[in-house]
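It should be emphasised that the depicted structure is a prediction, and the values quoted were computed from it without experimental measurement. All values below were derived from every heavy atom in this structure, side-chain atoms included, with hydrogens, water molecules and symmetry-related copies excluded.
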Amino acid sequence: MTEIKLYNTMAREKQVFSPIDPKNVRMYVCGPTVYDRAHLGNARPVVVFDVLYRLLRHVYGPDHVTYVRNFTDVDDKINATALARKEAGAEGTLEELVHERSNETIDWYLNDMRALGAMDPNEMPRATEFIQPMIDMIEDLIAKGHAYPDGAGHVLFSVKSYDDYGRLSGRSVDDMIAGARVEVADNKRDPMDFVLWKPSTDDLPGWDSPWGRGRPGWHIECSAMSHDLLGASFDIHGGGNDLQFPHHENEIAQSCCAHPEGQFARYWLHNEMLQVEGKKMSKSLGNFFTVHDLLEQGVPGEVIRFVFLGTHYRKPMDWTEKKRAEAEATLRKWRVLTDGVEPASSPSPAVVAAVADDLNTAGALAELHKLAKQNEGSLLLASAKLLGIMSDELGGWDWRTQVIYGTTHSSESKFGSGSFHQFSLSELADKLHSTRMTAMETKDFSAVDALKAALTEAGVQIRMSKEGVELEPGAGFDASKLEGL
């Protein structure tokens with residue numbers, strides 16, 4: 001069996017992965033708060049842990065891996081959007097509008113992530129579906145002396161009641177107080193104590209509890225859901241490194257105190273953040289965009305995924321236009337090479353070894369480049385699928401066509417043999433120009449209009465002037481519609 005090594009944040013070293021039960025490998029990853037479209041940075045952990053999911057399925061078998069990724073659908077921003085819709089005259093109660101907004105953003109999220117080739121996890125629980133388990137866990141923590149109600153509808157976790165608090169982040173409680181923005185409140189026994197339950201007003205979503213009508217704090221959600229779906233001990237817990245503190249630190253404290261018989265998660269994996277052209281993505285810098293934005297601009301989801309795979313998950317990833325263009329060019333070549341080819345029965349051992357070495361996807365891509373250079377189309381295809389690329393589901397983005405802006409080159413000399421069509425937009429521009437010149441003499445522009453309509457339907461942008469005609473691919477360009485022109 002393939003040996004998998006993963007960098008365990010808790011141990012601060014790369015360790016050989018040994019599941020609790022090889023017939024039931026369990027992984028939990030913190031999912032999104034569903035108040036809006038997922039930005040590009042939100043997609044990175046999805047792709048990272050999708051690769052790990054694929055690797056685990058390859059090594060242990062698809063039926064022996066359980067992957068859970070949650071949706072946080074209890075949030076002030078969701079409430080604010082629902083309230084704004086209600087004030088604008090939308091029908092339904094505020095609670096119904098909150099549910100409607102959550103459904104809407106969850107659908108957006110899943111569609112966008114599927115466009116990147118991410119498989120759906122086995123379980124995708126919503127926080128609102130696990131309110132009672134959260135209440136039960138909070139009651140248990142109070143009974144064991146790890147949490148306390150403040151008498152005003154809040155319940156707080158007592159950080160000092162858990163001796164190992166800070167082990168994941170490697171910082172003492174005093175260091176955390178000094179280095180973090182800690183909310184100091186009169187109802188806290190200690191500045192680091194955090195909310196498990198808080199009151200909710202009558203007009204906002206809330207649930208009845210022993211401490212009054214309210215809603216859960218963010219951290220307790222994942223503890224309750226992971227326990228219900230994976231048990232007191234499971235194998236892997238993942239997420240972005242921005243969640244390491246306080247979210248994951250608090251999850252550990254709650255879960256280990258509520259279920260001391262278990263280990264909670266044995267391996268902790270955290271991916272680094274994403275940048276855009278060397279800068280942190282932010283709305284103020286004008287470099288903030290969503291996955292949907294890129295897809296709408298005509299960037300194939302497979303290309304986005306390929307760019308992600310080019311950087312190791314524990315290193316900051318820089319999204320650049322150059323990387324996007326290089327990824328698209330590479331995938332076009334590989335799509336041509338594997339057109340009509342049946343995938344090998346198993347991926348290249350070198351590719352599997354790279355992915356099994358702490359998800360070294362950059363190393364795996366290097367191995368794919370070698371296979372392409374050796375014209376090993378069958379093995380290339382099977383190996384690429386392990387990384388979630390080159391699948392039929394992600395195809396259909398004009399990979400059979402190489403659009404050329406100048407002289408038409410031989411597909412044989414440029415890419416090797418392959419059953420595909422190659423178009424030169426410059427030739428079609430010449431055809432439209434000559435058709436137009438003829439029409440100006442005959443006064444019959446029907447052929448010009450028909451050609452322009454066909455080009456527009458294919459997503460080609462047309463610029464016509466006295467000097468001539470310019471054509472270039474636009475958003476939604478579909479070269480297959482150029483056949484016959």
Side-chain angles (χ1 to χ4, degrees), residues 37 39-40 43 108 111-112 115-116 276-277 281 286-307 319-336 339 394-411 414-415 418 420-485:
R37 289 274 186 188
H39 62 69
L40 192 61
W108 288 348
N111 288 334
D112 289 346
L116 302 188
V276 176
E277 301 289 350
M281 188 168 67
N287 64 354
F288 180 95
F289 47 88
T290 67
V291 173
H292 184 70
D293 290 336
L294 287 179
L295 296 173
E296 284 288 290
Q297 291 166 17
V299 181
E302 186 173 30
V303 170
I304 299 171
R305 184 183 183 97
F306 192 98
V307 174
W319 172 272
T320 68
E321 177 57 25
K322 180 182 178 182
K323 288 181 180 178
R324 183 213 62 75
E326 290 174 345
E328 181 167 337
T330 297
L331 284 168
R332 282 187 184 277
K333 294 176 186 178
W334 291 359
R335 285 281 185 181
V336 168
D339 184 23
L394 291 182
W397 53 274
D398 313 327
W399 57 268
R400 292 181 180 86
T401 305
Q402 178 69 17
V403 180
I404 299 172
Y405 294 86
T407 306
T408 303
H409 298 283
S410 166
S411 62
K414 193 168 186 181
F415 296 114
F420 72 105
H421 300 285
Q422 186 175 50
F423 297 98
S424 170
L425 286 185
S426 62
E427 291 180 358
L428 287 172
D430 290 342
K431 180 177 181 179
L432 179 58
H433 178 66
S434 62
T435 304
R436 183 186 180 213
M437 295 302 292
T438 301
M440 292 177 71
E441 294 180 3
T442 63
K443 307 303 180 184
D444 181 3
F445 286 85
S446 58
V448 175
D449 293 339
L451 184 53
K452 285 173 62 179
L455 290 168
T456 302
E457 174 65 21
V460 177
Q461 294 182 349
I462 306 171
R463 296 187 183 89
M464 303 178 70
S465 65
K466 293 180 180 179
E467 288 72 29
V469 175
E470 292 182 13
L471 303 179
E472 65 179 40
F477 174 67
D478 185 355
S480 65
K481 294 181 179 179
L482 297 177
E483 294 190 45
L485 295 184

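- The two atoms that bring A43 and L116 nearest to each other are CB-CD1, 3.7 Å, heavy atoms only.
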- Task: Kindly determine whether L294 and Q297 satisfy side-chain contact (heavy atoms from CB on, under 4.5 Å), including the steps that lead there.
- Result: CA-CA 5 Å; L294 287 179; Q297 291 166 17; 3.9 Å; yes
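- Residue-environment remark: NZ (K452) stays at or below the threshold of 12 foreign heavy atoms within 6.0 Å.
- When all heavy atoms are compared, the tightest approach of A429 to L471 is N-CD1, 3.4 Å.
- A donor-acceptor distance shorter than 3.5 angstrom exists from the side chain of E277 to the backbone of E321, with no hydrogens or angles considered.
- Here the NE2-OG1 distance, from H433 to T438, works out to 9.5 Å after rounding to the nearest 0.5 Å.
- Taking K431 as the reference, nothing meets the side-chain hydrogen bond (donor to acceptor under 3.5 Å, both in side chains) condition, with sequence neighbours excluded.
- Rounding to the nearest 0.5 Å gives a distance of 8.0 Å between CG of N111 and CZ of R37.
- Within the 3.5 Å criterion, the main-chain N or O of S446 finds no donor-acceptor partner in the side chain of D449.
- Across all non-hydrogen atoms, the minimal contact from E328 to P300 is OE1-CD, 4.3 Å.
- Atom CD1 of residue I462 and atom CG of residue L455 lie 4.5 Å apart, to the nearest 0.5 angstrom.
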- Using the side-chain contact (heavy atoms from CB on, under 4.5 Å) rule, take T290 and W108 through it: C-alpha gap first, then chi angles, then the decisive distance, then the call. CA-CA 11 Å; T290 67; W108 288 348; over 6 Å; no
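- Heavy-atom neighbours of E470 CD from other residues, nucleotides or ligands within 6.0 Å: at or below the threshold of 12.
- Closest approach of M281 and N287 over heavy atoms only: CG-O, 3.1 Å.
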- Task: Test side-chain contact (heavy atoms from CB on, under 4.5 Å) on L40 and D293 and set out the steps.
- Result: CA-CA 9 Å; L40 192 61; D293 290 336; over 6 Å; no
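- Pairing each heavy atom of H39 with each of F288, the nearest pair is CB-CZ, 3.6 Å.
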- Item | side-chain contact (heavy atoms from CB on, under 4.5 Å) between R324 and F306, worked out | CA-CA 8 Å; R324 183 213 62 75; F306 192 98; over 6 Å; no
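- Contact detail for V299 and L295: the closest heavy-atom pair is O-CD2, 3.5 Å.
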